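Here the structure comes first, spelled out in structure tokens, and everything after it is commentary.
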There are 2 protein chains.
Amino acid sequence: MTDQEKNTEQKILEAASRVFLRKGMAGARMQEIADEAGINKSLLHYYYRNKDKLFISVFRLAIQDFLPGILHILNSGIPIFQKLERFIHEYMRVLIDNPFVPMFILHELQRDPDRLFQVFKDAGIEPSRFIKEFEASVKKGEVRNIDPRHLIVNVLSLCIFPIAARPMMQRVLFDNDARAYEAFLKEREAVVSEFVINAIQP
Amino acid sequence: MTDQEKNTEQKILEAASRVFLRKGMAGARMQEIADEAGINKSLLHYYYRNKDKLFISVFRLAIQDFLPGILHILNSGIPIFQKLERFIHEYMRVLIDNPFVPMFILHELQRDPDRLFQVFKDAGIEPSRFIKEFEASVKKGEVRNIDPRHLIVNVLSLCIFPIAARPMMQRVLFDNDARAYEAFLKEREAVVSEFVINAIQP
DNA sequence: GTCTATATCGGGATAGAC
DNA sequence: GTCTATCCCGATATAGAC
């Protein structure tokens, strides 16, 4: 693979990411992706034979960019409260840097659950270790008795939703002031940690 | 307007809702909507001149079906903790009955924020009363000092996300067992209330 | 109001020159 | 590897009969 080739392929993938992430598979236009990449439409087909293959590449990339750092924290051996704090902090940072990823994944996963979830599984998600660890903490009386799966869903909700629903929340609560909403999101790193920890304290 | 007309128009709107809510504006096909309504494609254009007008009708409907009950609780005069409990209970019930609405609104709002948010505003959302009320409770020391906007976002997150992200969560946490996930959602009515109230207790 | 037939158009995909 | 030109299908939209 020549340098030129690698650059073009990379340019296409980045352009396609931007377009797919905003518009979704159905809403994205090959022409728009080509324009965004500064190349001709036919070149898309040269590198990725059709729209679907290009989409899958983008979907896989979005997940791979997303999971590793997160999983690393979840599987680390630090104490439970500290782990939650670190996870929330790190996860929200990644989300703020990739604001379109959550909606994209949720929307497309709803459109074609089975096929796309396969891509997910291949990336290796495995919450069972955290669940066992949390259950042990409950038994030791370190945390309030709450189903760890509810806790997981709660934490993900509190991190992801404010990013995914930004177009609505920013308008309703902040008069569509982008700066104010960014500050609000930054605050949340601490607010969510505190909220969760208060909620599960015995 | 004859009875027949009203029925057909209604049938179309209901069919269109199902299709748009699942597939989104870009993914929905007029043919599919016609099939779903058991009528001819041309009839869609007879009642709603084009796809966009049909879509807007569905979007407006989705919002109108959604907001009134919620707003009624938020604007009622009951005490703050009780209000939160009622809101969470009622909101989750509506969400469970209309599981596709959240993703639909979020996705479409991201695609065309300004135009679609107008529909939202027309329906009359107004959180400022609740915000003032909550700030008063903070001053009286009834609740922990937390920015009410964070609380609003937290509550909405905890209610909406588990529904919107069901295709993912059900697979990751429940081995894609639909029954188990429904039970999980039912549990959440109480779990979320408890979680939130614990989190904001002084 | 409802149907069949058809026009029109946009967009994904391909052929082929360079 | 990159471009221009073009094909072809699917989907929206319209015309017109009943």
Side-chain angles (χ1 to χ4, degrees), chain A residues 1-62 104 107-108 110-112 115-116 119, chain B residues 1-61 104 107-108 110-112 115-116:
Chain A
M1 189 188 287
T2 69
D3 267 16
Q4 177 74 346
E5 207 176 318
K6 201 173 139 202
N7 285 335
T8 303
E9 201 173 338
Q10 195 57 25
K11 266 197 312 192
I12 290 176
L13 208 57
E14 283 164 17
S17 287
R18 285 192 290 274
V19 177
F20 275 130
L21 260 59
R22 280 157 211 263
K23 309 268 180 91
M25 165 69 168
R29 298 286 157 246
M30 294 295 266
Q31 184 62 60
E32 196 182 348
I33 295 173
D35 292 348
E36 181 97 12
I39 53 145
N40 191 280
K41 217 179 25 162
S42 317
L43 260 195
L44 297 182
H45 290 88
Y46 176 78
Y47 283 97
Y48 304 84
R49 276 180 58 78
N50 55 44
K51 190 182 181 182
D52 190 69
K53 283 191 174 36
L54 179 53
F55 172 79
I56 289 287
S57 298
V58 169
F59 191 77
R60 184 169 290 123
L61 187 69
F104 171 71
H107 178 71
E108 299 300 341
Q110 174 164 315
R111 195 180 53 87
D112 185 355
R115 179 159 145 282
L116 293 182
V119 182
Chain B
M1 189 186 290
T2 70
D3 265 15
Q4 177 75 344
E5 205 175 320
K6 200 172 142 201
N7 285 337
T8 303
E9 200 172 340
Q10 196 57 24
K11 266 197 312 192
I12 290 177
L13 208 56
E14 282 164 16
S17 287
R18 286 193 289 275
V19 178
F20 275 129
L21 259 59
R22 280 157 211 262
K23 309 271 180 89
M25 164 69 168
R29 297 287 156 246
M30 295 294 267
Q31 183 62 60
E32 196 182 347
I33 295 173
D35 293 347
E36 182 96 14
I39 53 145
N40 191 280
K41 225 178 17 164
S42 317
L43 260 195
L44 297 182
H45 290 88
Y46 176 78
Y47 283 97
Y48 305 83
R49 276 181 59 74
N50 54 44
K51 189 181 180 182
D52 190 69
K53 284 190 174 37
L54 180 53
F55 172 80
I56 288 288
S57 297
V58 169
F59 191 77
R60 184 169 290 123
L61 186 69
F104 172 71
H107 179 72
E108 299 300 341
Q110 174 163 315
R111 195 180 52 88
D112 185 354
R115 178 159 145 282
L116 293 182

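Fair warning: this is a prediction, and the values are worked out from it, not measured in the lab. Just so we're on the same page: letters track the sequence lines, and every chain starts at 1.
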Query raised in the report: What residues form a side chain to side chain donor-acceptor pair (under 3.5 Å) with B/Gln110, not counting sequence neighbours?
Result: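 In terms of side chain to side chain donor-acceptor pair (under 3.5 Å), with neighbours along the sequence ignored, B/Gln110 is linked to no residue.
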**Report entry** side chain to side chain donor-acceptor pair (under 3.5 Å) partners for A/Arg49, two or more places apart
**Finding:**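 Partners of A/Arg49 under the side chain to side chain donor-acceptor pair (under 3.5 Å) test: none.
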Does a side-chain N or O of [X] approach OP1 or OP2 of [N] to a distance below 4.0 Å, or not?
X: B/His45; N: D/dA13; value: yes
X: A/Thr8; N: D/dT2; value: yes
X: B/Tyr46; N: D/dA13; value: no

Query - Under 3.5 Å donor-acceptor, A/Lys53 side chain and A/Tyr47 backbone - result: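 Side chain of A/Lys53 to backbone of A/Tyr47: no pair is present.
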Query raised in the report: Can you name the residues that form a ring-ring contact (aromatic ring centres under 6.0 Å, His included) with B/Phe20, not counting sequence neighbours?
Result: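 B/Phe55.
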Query raised in the report: Near DNA chain C, which residues from residues 26-42 of chain B have a heavy atom under 4.0 Å away?
Result: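 Hits under 4.0 Å, by residue number: B/Asn40, B/Ser42.
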Query - Interface with DNA chain D, restricted to residues 50-57 of chain B and to heavy atoms under 4.0 Å - result: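 Result for residues 50-57 of chain B: B/Asn50, B/Lys51, sorted by number.
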Query raised in the report: Looking only at heavy atoms, which two atoms of A/Ile12 and A/Leu43 are closest? And how far apart?
Result: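 Answer, listing the atom of A/Ile12 first, then A/Leu43: CD1-O, 4.2 Å.
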Query raised in the report: For the residue pair A/Leu44 and A/Met30, what are the closest heavy atoms and their distance?
Result: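 What the structure gives for the nearest pair is CD1-O, 3.3 Å.
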**Report entry** With sequence neighbours excluded, residues passing salt bridge (charged side-chain N to carboxylate O under 4.0 Å, His left out) with A/Lys23
**Finding:**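 For A/Lys23, the residues satisfying salt bridge (charged side-chain N to carboxylate O under 4.0 Å, His left out) (neighbours in sequence not counted) are A/Glu32.
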Query raised in the report: Is it true that A/Glu108 and A/Arg111 make a salt bridge, defined as a side-chain N closer than 4.0 Å to a carboxylate O?
Result: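 Looking at A/Arg111 together with A/Glu108, the answer is yes, because their closest N to O distance falls below 4.0 Å.
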Requested in this report: Rounded to the nearest angstrom, tell me the gap between atom CZ in A/Arg49 and atom C1' in C/dG12.
Outcome: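 To the nearest whole Å, that distance equals 13 Å.
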